[in-house]
2 protein chains.
Amino acid sequence: MPVMTGQGPLYVQVREMVVQRIISGAWQPGDLLPSEFDLAAEFGVSQGTVRKALDTLAADNLIIRHQGRGTFVTTHTPQRELFHFFHLEGQKGEKQMPATSRLTGVTNRRASRIETDRLHLPANTHVFVINRIRNLGGRPTIAERIILPARMFPELGQLAELPNELYQIYEEFFGVTIHRAVEELRAVSAERDEARALGVATGAPLLEIDRLAETVDGTPVEWRLSRCDTHAHHYLSEIV
Amino acid sequence: MPVMTGQGPLYVQVREMVVQRIISGAWQPGDLLPSEFDLAAEFGVSQGTVRKALDTLAADNLIIRHQGRGTFVTTHTPQRELFHFFHLEGQKGEKQMPATSRLTGVTNRRASRIETDRLHLPANTHVFVINRIRNLGGRPTIAERIILPARMFPELGQLAELPNELYQIYEEFFGVTIHRAVEELRAVSAERDEARALGVATGAPLLEIDRLAETVDGTPVEWRLSRCDTHAHHYLSEIV
DNA sequence: TATCAAAATACATATATAAGAGTTATAAGA
DNA sequence: TCTTATAACTCTTATATATGTATTTTGATA
């Protein structure tokens, strides 16, 4: 019988117990959770209370529930990353898988001051820096720099291939699951190198997306700076 | 006894009945709905079923529920518009009420082709066009054009003052409640007039926010094009 | 001003039925 | 006899009802 926290409504306590098991790795991405009735017995609450807890976890995308099959810890697929974490689409609303990426560099170096700030790293920490150009609709559209704490991504530089969608790789190879991201968008002027790489004029307007991605426990694990040509694409945001 | 649609789960039917009453104006923004028990009696379902329906409506911001007080149709306040529908914030995350706006024009004219397209208007329809410059942190930051169907906003041009936050005005004076908005973001170059108004160089990069705002029944009622200086501000987007 | 009652949502439990998915058993065909 | 198709069964989530308790808000009264 696991010990309930004793704080707040029962369904919130159940929720927190489940989150803890996900964070601790007891339940891995893709794992099947026990049934509602089994969890109710284990936690000493009613099935309805477990249901309410699981409903909130599903609403927050920590689990996914399938009638007749069960309840699973959310896991990354390339499709999920594209539809959930990628907001660029074509002018007619087409959201296509970026077909190709040109990797322009993967390096391991000491983190800069701003990198340690952004990723909450101790001083003198190493990071991996991934630079690449992503194509949309056949044209170079995004110049991207990704900063990852080296200690969480050991041997990243030795992977033979890095696909366009990285989040499944983070999860499978390094046990790092991205749960949430905050993006700040600005309009900036293209600098010479990226202008050349994207096929636009130096000084042309680019949409800069400054993303910090976190795991379930709130640890920032990826800083991604994308500079996007928005001639044929736009960033979509829906407010309800 | 209202007639249930007969399609799908009961709680979905209850939800649709409630939405219909909001759309039809039987329940106005700010109105207090009958209690769960009363609605259950009226619709001939259990209180738990009404609760489930109301929970989904609350999750979609159509109603707001207060323990001990009751359930209310969501209504606009300037604060809600700012926190919910306005995504520009300062570099440190400050989200302040734009203190001033300079109205540069309100005109009533025939809608252009693209305006009829965007707002689903018949040909030869009139629109109100509002142009203004909005200040953030004391500086002109947003050049904005708002297109509204004239027939839904009669006598808009005769209002003595237009505040920064318009959605409460739409609701109070014209019975038009904004429920949802879709925004497309691009990086563009500042044209001469707006550059001068915003105090930036002609050709400087601006963040263009192209917003279409809809009512509960999906009718597009506002097309808003904002061109923003992102030197001191950024657009925030959260992905969970 | 403090207290109490009424009203309403919020939480919790218990139980039953419906719907969907997967597995196993049985029947039919080659 | 082996393989394939179908039916039955089991498990699980999804829906629905009923009931009780807890918490919050508001208004009335002393």
Side-chain angles (χ1 to χ4, degrees), chain A residues 1-19 21-22 27 30-75 77, chain B residues 1-19 21-22 27-75 77:
Chain A
M1 169 77 82
V3 184
M4 302 277 273
T5 62
Q7 302 259 25
L10 286 186
Y11 79 96
V12 173
Q13 297 178 41
V14 169
R15 176 196 163 94
E16 284 163 359
M17 299 287 294
V18 173
V19 171
R21 290 192 183 179
I22 293 173
W27 287 330
D31 276 4
L32 172 67
L33 269 60
S35 73
E36 296 177 350
F37 278 104
D38 289 346
L39 287 174
E42 185 178 344
F43 292 132
V45 297
S46 77
Q47 177 237 347
T49 301
V50 168
R51 154 154 300 224
K52 184 152 188 172
L54 296 187
D55 280 347
T56 70
L57 289 165
D60 291 343
N61 289 309
L62 284 157
I63 60 173
I64 184 165
R65 323 191 72 195
H66 295 290
Q67 179 171 354
R69 286 167 59 200
T71 299
F72 301 83
V73 181
T74 301
T75 185
T77 61
Chain B
M1 169 76 83
V3 186
M4 301 278 273
T5 62
Q7 302 258 26
L10 287 184
Y11 80 96
V12 172
Q13 297 179 39
V14 169
R15 175 196 162 96
E16 285 165 359
M17 298 287 294
V18 173
V19 170
R21 289 192 184 178
I22 293 173
W27 286 332
Q28 296 277 335
D31 276 5
L32 172 67
L33 268 62
S35 73
E36 295 176 352
F37 279 104
D38 289 346
L39 286 174
E42 184 178 345
F43 292 131
V45 297
S46 78
Q47 177 238 348
T49 301
V50 168
R51 153 155 299 213
K52 184 152 187 170
L54 296 186
D55 280 347
T56 70
L57 289 165
D60 290 344
N61 289 308
L62 285 159
I63 60 173
I64 183 165
R65 321 190 75 194
H66 295 290
Q67 179 171 355
R69 287 168 58 201
T71 298
F72 300 84
V73 181
T74 301
T75 185
T77 61

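A note on names: the letters A, B, ... follow the listed sequences, proteins ahead of strands, and every chain is numbered from 1.
Between the CD atom of B:Gln13 and the P atom of D:dT17 there is a distance of 11 Å, rounded to whole Å. What separates CG of A:Leu54 from P of D:dT15 is a distance of 14 Å, to the nearest Å. Distance CZ (B:Phe37) to C1' (D:dT17): 12 Å, rounded to an integer number of Å. One can place CD of B:Glu36 at 14 Å from C1' of D:dT17, the figure rounded to the nearest angstrom. When the P atom of D:dT12 is taken as reference, atom CD of A:Gln47 falls 12 Å away, rounded to whole Å. B:Arg51 places its CZ atom 16 Å from the P atom of D:dT19, with the value rounded to the nearest Å. Atom-to-atom, CG of A:Leu33 to C1' of D:dC11 comes out at 16 Å; the value is rounded to the nearest Å. Atom CZ of B:Arg15 is separated from atom P of D:dA16 by 14 Å (rounded to the nearest Å).
Rounding to the nearest 0.5 angstrom, the gap separating the CZ atom in B:Arg21 from the CD atom in B:Gln28 is 14.0 Å. A distance of 7.0 Å separates CG of B:Leu54 from CG of B:Leu33, quoted to the nearest 0.5 Å. Note that the OG atom of A:Ser46 and the CZ atom of A:Phe37 stand 9.5 Å from one another [nearest 0.5 Å].
Salt bridge present: A:Arg15 and A:Asp60 bring a charged side-chain N and a carboxylate O closer than 4.0 Å.
OP1 or OP2 of D:dA16 has not a single side-chain nitrogen or oxygen of B:Lys52 nearer than 4.0 Å. Contact check, B:Thr49 against D:dT17: a side-chain N or O comes under 4.0 Å of OP1 or OP2.
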Please list, pair by pair, any protein nitrogen or oxygen found under 3.5 Å from a nitrogen or oxygen in nucleotides 21-25 of chain D.
from: D:dT23; atom 1: O2; to: B:Gln67; atom 2: NE2; distance (Å): 2.3

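The side-chain heavy atoms of A:Phe72 and A:Ile63, taken from C-beta on, include no pair separated by under 4.5 Å. At a threshold of 4.5 Å between non-hydrogen side-chain atoms, the residues B:Leu62 and B:Val19 count as touching. Between A:Gln47 and A:Val50 there is no side-chain heavy-atom pair separated by less than 4.5 Å.
Legend: residues meeting side-chain contact (heavy atoms from CB on, under 4.5 Å) with B:Glu16, ordered by chain and number and at least two apart, are B:Thr5, B:Val12. A search for side-chain hydrogen bond (donor to acceptor under 3.5 Å, both in side chains) contacts involving A:Arg51 returns A:Glu36, not counting sequence neighbours. With sequence neighbours left out, the side-chain hydrogen bond (donor to acceptor under 3.5 Å, both in side chains) criterion links A:Thr74 to no other residue.
Counting all heavy atoms, side chain and backbone alike, B:Arg69 lies closest to B:Leu32 at O-CD1, 4.0 Å.
Between the axis at the start and the axis at the end of the helix from C:dT1-D:dA30 to C:dA30-D:dT1 there is an angle of 0°, using five pairs per end and rounding to 10 degrees.
In 5' to 3' order, the nucleotides of DNA chain C bounding all contacts with chain A (an atom under 4.0 Å from a heavy atom) are C:dC11 to C:dG22.
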